[in-house]
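One structure is given here, and the rest of the page talks about it.
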Protein chains: 2
Amino acid sequence: MSDISKQILSDHKVSITNPRILVLEALLDSKNPLTVDELQSKLSGSVAKSTLYRVLNDLKKIKILHEFTSPDNSTVVELLLEDHSHHHHLFCSDCGEIIDVEMSGEFENLLAKEIKKIEKQFNFLIQDHRVEMFGVCTDQCANCK
Amino acid sequence: MSDISKQILSDHKVSITNPRILVLEALLDSKNPLTVDELQSKLSGSVAKSTLYRVLNDLKKIKILHEFTSPDNSTVVELLLEDHSHHHHLFCSDCGEIIDVEMSGEFENLLAKEIKKIEKQFNFLIQDHRVEMFGVCTDQCANCK
DNA sequence: ACAATAAATGAGAATAAGTCTCATTTATTA
DNA sequence: TAATAAATGAGACTTATTCTCATTTATTGT
């Protein structure tokens, strides 16, 4: 009960198991998104490979995990919790770091308008969007080790 | 000489070979981005798998091919020619279609400003960006077969 | 708290996208 | 047109992800 991970699982009506708790803890422990490799390292063998992928799929099903692909084709995952608001991503091609970025309300509003136009133009219902930015962090970058 | 594909290759100083011509023709033939699978089908065995991937890498090296990953994790490629201006992508989760979308100048300007702020905030040099939109096309969608 | 039942797990086999190797073919150039 | 370097095809190899199945664990109703 004391545990956030357990709470998350019970909130979403999925059974509370050790692998799920361990994966959630590893994800909760990291401020920024993680590649599956990084996640596997953090878990250091405590969860079988097949189980790790199954748990990630479980978390996707209950809509609290977002999965995407980095520019170097690694699979990246990040938890989407209530307190984690709408954001976008910044990728460093030097150190591989992936950083969560919030854009201004002004920007999101204009994008929303733009999306309405596009919906009409292409007869689409647009449900989600994503802005990705690519570059390199400078020497002083706080995110580089 | 009559061929656009040959012209593209010679413009970029890479040798003119049959597989390269065939791959370029298949890409030129399609208005929207193609998955590697779709591309392979279009080529219907005329180019070996290993050669196809090599040619795609060649085209990436001379910066006329853009590669990205669709929401269902397929690898998608599209030619980036001079007449093909800066654009973004719209993904249909029903039919899998990927559509090129141009956003307004107003939007791109605001995004550029936003990006300058982010560069300062994170000590980054941002070289590129991408907007992806996800949704479903309606019955009348001209892009659905 | 406990037994019955359903669900989840681990280990490793299977699959598939992409890369690599190497002998042969093709393009370039002088 | 011959010599040389580059590109190709075929299939072996690698590696991320999924699948299978026997075993373990969580849930639930009593």
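Source: prediction; values computed, not measured.
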Checklist entry - For the residue pair A:R20 and A:D58, what are the closest heavy atoms and their distance? => result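 Shortest heavy-atom separation between A:R20 and A:D58 comes out as NH2-OD2, 2.9 Å.
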Between the protein and nucleotides 3-11 of chain C, which nitrogen or oxygen pairs are less than 3.5 angstrom apart?
unit_1: C:dA8; atom_1: OP1; unit_2: A:R20; atom_2: NH1; d: 3.4
unit_1: C:dA8; atom_1: OP1; unit_2: A:R20; atom_2: NH2; d: 3.0
unit_1: C:dT9; atom_1: OP1; unit_2: A:T17; atom_2: OG1; d: 2.7
unit_1: C:dG10; atom_1: OP2; unit_2: A:A48; atom_2: N; d: 3.3
unit_1: C:dG10; atom_1: OP2; unit_2: A:T51; atom_2: OG1; d: 2.6
unit_1: C:dG10; atom_1: N7; unit_2: A:R54; atom_2: NH2; d: 2.7
unit_1: C:dG10; atom_1: O6; unit_2: A:R54; atom_2: NH1; d: 3.2
unit_1: C:dA11; atom_1: N7; unit_2: A:S50; atom_2: OG; d: 3.3
unit_1: C:dA11; atom_1: N6; unit_2: A:S50; atom_2: OG; d: 3.1

Next on the checklist: Using only atom types and a distance under 3.5 Å, with no angle test, would you say the side chain of A:S70 pairs donor to acceptor with the backbone of A:S74?
Outcome noted: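 Yes, the answer is positive, given that a donor and an acceptor are paired below the 3.5 Å cut-off.
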Next on the checklist: When you measure from the side chain of B:H129 to the backbone of A:M133, do you find a donor-acceptor pair of N or O atoms at a distance under 3.5 Å?
Outcome noted: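 Answer holds: no.
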Item to check | End axis versus end axis in the helix from C:dA1-D:dT30 to C:dA30-D:dT1, the angle rounded to 10°, five pairs used at each terminus | outcome: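 If I round to tens, the end axes sit 50° apart.
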May I have the distance from [X] (atom [atom1]) to [N] (atom [atom2]), rounded to whole angstrom?
X: A:D72; N: C:dT19; atom1: CG; atom2: P; answer: 12 Å
X: B:L56; N: C:dC20; atom1: CG; atom2: C1'; answer: 16 Å
X: B:K6; N: C:dA27; atom1: NZ; atom2: C1'; answer: 12 Å
X: B:L39; N: C:dG18; atom1: CG; atom2: P; answer: 11 Å
X: A:E67; N: D:dT17; atom1: CD; atom2: C1'; answer: 10 Å

Item to check | B:H89/B:E78 under side-chain hydrogen bond (donor to acceptor under 3.5 Å, both in side chains): CA gap, chis, key distance, verdict | outcome: CA-CA 11 Å; B:H89 292 117; B:E78 92 181 313; 2.8 Å; yes
Next on the checklist: Ring-plane angle category for B:F134 and B:F91, please: parallel below 30°, perpendicular beyond 60°, tilted otherwise.
Outcome noted: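 Parallel, since the angle between the ring planes stays under 30°.
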Checklist entry - Does a nitrogen or oxygen in the side chain of B:Y53 sit under 4.0 Å from OP1 or OP2 of C:dG18? => result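 Yes.
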Checklist entry - For A:D37, which residues count as a side chain to side chain donor-acceptor pair (under 3.5 Å) partner, sequence neighbours excluded? => result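 With sequence neighbours excluded, A:D37 shows a side chain to side chain donor-acceptor pair (under 3.5 Å) to no residue whatsoever.
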Item to check | Which residue lies more 5' along DNA chain C, comparing B:D37 with A:K49 via nearest heavy atoms | outcome: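 Here A:K49 is the residue nearer the 5' end.
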Next on the checklist: Salt bridge or not between B:E119 and B:K116? Use side-chain N to carboxylate O under 4.0 Å.
Outcome noted: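 B:K116 and B:E119: not salt-bridged.
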Checklist entry - Could you walk me through whether A:D100 and A:H88 pass the side-chain hydrogen bond (donor to acceptor under 3.5 Å, both in side chains) check? => result CA-CA 6 Å; A:D100 284 355; A:H88 302 288; over 6 Å; no
